[in-house]
Amino acid sequence: QVQLVESGGGLVQAGGSLRLSCVASGRTFSTIVMGWFRQAPGKERGFVAVRNYLGMRTSYQDSVKGRFTISIDNAKNTVYLQMNTLKPEDTAVYYCAASKGTRLTSIPSEYDYWGQGTQVTVSS
């Protein structure tokens, strides 16, 4: 089992920045791919970014390219999502997820473990 705990959410004005953190514990050696997803009220959970745990491969949802960066500190078992130039449409609950697969997937059902989520609210 792998446990994921997110933090770093909050209220920020449009144009501001936030950095989300996700600490992984447990059998972390079994996780290969780490992703961030978000879910706004009344909407389905959607893909934001993904990275393989031990390498440099990344993929981003088109609307966050150039503004968000996913990174991993292997020594701390922590995944980060640096979010810059935030927009009101970025408002959502953000979730960290881990997959035992090797594919940089954007499909939520292909992830094996999930955190509890952290709220990000961007005011206009």
Quiz item: Does E6 use its side chain to pair, donor to acceptor, with the backbone of T118 at less than 3.5 Å?
Solution: no

Practice problem: For Q39 and A92, indicate whether the former's side chain and the latter's backbone hold a donor-acceptor pair under 3.5 Å. | Solution: no

Practice problem: Return yes if some donor-acceptor pair links the side-chain N/O of T91 with the main-chain N/O of V122 below 3.5 Å, else return no. | Solution: yes

Quiz item: In Å and rounded to the nearest 0.5 Å, what is the OG1 to CE distance from T78 to M34?
Solution: 9.0 Å

Practice problem: Only pairs at least two apart or in different chains count here, so list each side chain to side chain donor-acceptor pair (under 3.5 Å) that has a residue in residues 50-59. | Solution: Y53-N77

Practice problem: Give the C-alpha distance, both sets of side-chain angles, the deciding distance and a yes or no for side-chain contact (heavy atoms from CB on, under 4.5 Å) between R38 and D90. | Solution: CA-CA 9 Å; R38 64 187 179 185; D90 294 318; 2.9 Å; yes

Quiz prompt | Interatomic spacing from OG in S63 to NZ in K87 - rounded to 0.5 Å | solution = 7.5 Å

Exercise. Starting at CG of L104, measure out to CD1 of I32 and round the result to the nearest 0.5 Å.
Key: 11.5 Å

Quiz item: How far apart are the closest heavy atoms of S123 and L11, and which atoms are they?
Solution: CB-CD1, 4.3 Å

Exercise. Please step through side-chain contact (heavy atoms from CB on, under 4.5 Å) for the pair I72 and N74, ending with a clear verdict.
Key: CA-CA 6 Å; I72 296 178; N74 301 107; 3.6 Å; yes

Practice problem: Sort out for me which residue in F37, F47, W36 forms a ring pair (Phe, Tyr, Trp, His ring centres under 6.0 Å) with Y111. | Solution: F37

Quiz item: Counting N and O atoms only, with roles assigned by atom type, does the side chain of Q82 sit under 3.5 Å from a partner on the main chain of R19, one being a donor and the other an acceptor?
Solution: no

Quiz item: Which of parallel (below 30°), tilted (30 to 60°) and perpendicular (above 60°) describes Y94 and F68?
Solution: tilted

Quiz item: What distance do M56 atom CE and S71 atom OG have between them, rounded to the nearest 0.5 Å?
Solution: 10.0 Å

Quiz item: Sub-3.5 Å donor-acceptor pair from the side chain of Y60 to the main-chain atoms of I70, do we have one?
Solution: yes

Exercise. Begin with the C-alpha distance, continue with both residues' side-chain angles, and end with the deciding distance and a verdict on side-chain contact (heavy atoms from CB on, under 4.5 Å) for K100 and V2.
Key: CA-CA 10 Å; K100 294 184 286 187; V2 174; over 6 Å; no

Quiz item: Between Q116 (side chain) and V5 (backbone), is there a donor-acceptor pair under 3.5 Å?
Solution: no

Self-check item: Nearest heavy atoms of W114 and P108, plus distance in Å
Solution: CZ2-O, 3.4 Å

